[in-house]
Number of protein chains: 2
Amino acid sequence: MDSKIFNLKSKLEVYKAMSGGGNFGDCPVRDVIQGISGKWSSLLVMALAERPYRFGELRRLVPDISQRMLTQTLYDLQRDGYVHREVFPTKPPSVEYSLTDLGRSMFAPLQLLIQWAELNHDAVREARAAFDAAQA
Amino acid sequence: MDSKIFNLKSKLEVYKAMSGGGNFGDCPVRDVIQGISGKWSSLLVMALAERPYRFGELRRLVPDISQRMLTQTLYDLQRDGYVHREVFPTKPPSVEYSLTDLGRSMFAPLQLLIQWAELNHDAVREARAAFDAAQA
DNA sequence: GTTTATGGTCTCAAAAAGAGACCAGCGCTA
DNA sequence: TAGCGCTGGTCTCTTTTTGAGACCATAAAC
């Protein structure tokens, strides 16, 4: 057992103390989680975990992301050290995005969550339908 | 090994096909992931994984969540079947929120991601600082 | 009778996201 | 040689989401 996570309450209190009194704004876990819990982040990490992709490829792979959000999400992932951006000096310069070691390390647990989602999306959809039916 | 996740590209293409041609809007994994990747969702699930909480307790535990977002996030988590909401007919009615079996099942992989965040937030913060320094 | 606590909802302002135009450079082709 | 598309973006505008805070009803405590 990992003793690090066995008492959440005290963890929360530790974070609370760490952030300088009564506020979770600087909770380190939240800081990290928010970076990867964006609307598009997990999807892009998922794609890049398979192989490096170019900008246009990603845009075509995820058709309903706006170019602006693709740019920005990749920028944020790069800033947090998950993604490496490499520009090739071809005639129209091409840009390749790939996962860093940190990114791959983060993908390991993320993948388990994705796997859970894959196995349980039916249960979630049923719960949602039941809830909506009960509300009506 | 779980053969379900070994070739992401084909997975992506399967999702693409499932969603009726060239769009990830209905990708089931995305559907589930988005439900738990909200700004406050993981934090609240984290808290409720420890024990049931009342509305006001959660508000005090997470001081920088607005009451509106607490209400709405709990509503969404309840709708997706992760959280159970029970109203007690006390004089000012009190409401208790707790994790369902589905919620606890989902927390297992989420916890691993949280654990990763806990162990690696320094690396992320360093990457961020290095990136910002390089930009300047 | 004023305050306190319960768990919300409602309104309005601020922030984030999406849609789409625009840009520069080069190759292709008509 | 004039147009066209491909590259990876940025800029602006509109819509959606989020946050801040007032308001609400009830009942007990003070």
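Within every chain, numbering begins at 1; the chains are lettered A, B, ... in the order of the sequence lines, protein sequences first and strands thereafter.
The side chain of A:K39 contributes an N or O atom lying less than 4.0 Å from OP1 or OP2 of C:dG18.
Heavy atoms of A:Y97 sit under 4.0 angstrom from primed sugar atoms or phosphate atoms, though from no base atom. Among the heavy atoms of the strands, none lies under 4.0 Å from B:Y75. Among the protein residues, B:R54 comes within range of the sugar-phosphate backbone only, with heavy atoms under 4.0 Å from sugar or phosphate atoms but none that close to a base.
Here C:dG7 is the nucleotide among C:dG7, D:dT18, C:dA17 with the atom lying nearest to any side-chain atom of B:R59. Taking only side-chain atoms of B:R60, from C-beta outward, the nucleotide of D:dG8, C:dT6, D:dG19 with the closest atom is C:dT6. Taking only side-chain atoms of B:T71, from C-beta outward, the nucleotide of D:dT10, C:dT9, C:dG7 with the closest atom is C:dT9. In this structure, of C:dT11, D:dT12, D:dT7, it is D:dT12 that holds the atom nearest to the side chain of A:R68.
As a whole-Å value, the separation of B:Q34 CD from C:dA17 P is 11 Å. Atom CD1 of A:I65 is separated from atom C1' of C:dA16 by 14 Å (rounded to the nearest Å). As a whole-Å value, the separation of B:F55 CZ from C:dT9 P is 8 Å. As a whole-Å value, the separation of A:L70 CG from C:dA16 P is 19 Å. Rounded to whole Å, atom C1' of D:dT16 lies 12 Å from atom CD of B:Q72. Nucleotide D:dT10 holds its P atom 13 Å from the CE atom of A:M69, rounded to whole Å. Taking atom CD of residue B:Q67 and atom P of nucleotide C:dG7, one finds them 9 Å apart after rounding to whole Å. Spacing between atom CD of B:E57 and atom C1' of C:dA5 amounts to 13 Å, rounded to whole angstrom units.
Annotation for A:R128: atom CZ counts as buried by contact number, over 12 foreign heavy atoms lying within 6.0 Å.
The aromatic rings of B:F131 and A:Y75 sit perpendicular, their planes meeting at an angle over 60°, well past the 30° parallel limit.
Of the two residues contacting DNA chain C, namely A:W40 and B:P92, the nearest-nucleotide position lying further toward the 5' end is that of B:P92.
The pair A:R104-A:D101 meets the salt-bridge criterion, with a side-chain N (NZ, NE, NH1 or NH2) lying under 4.0 Å from an Asp/Glu carboxylate O.
Side chain of A:E57 to backbone of A:R54: a donor-acceptor contact under 3.5 angstrom is found.
Looking only at side-chain heavy atoms (C-beta outward), A:M106 and B:N120 stay at 4.5 Å or farther from each other.
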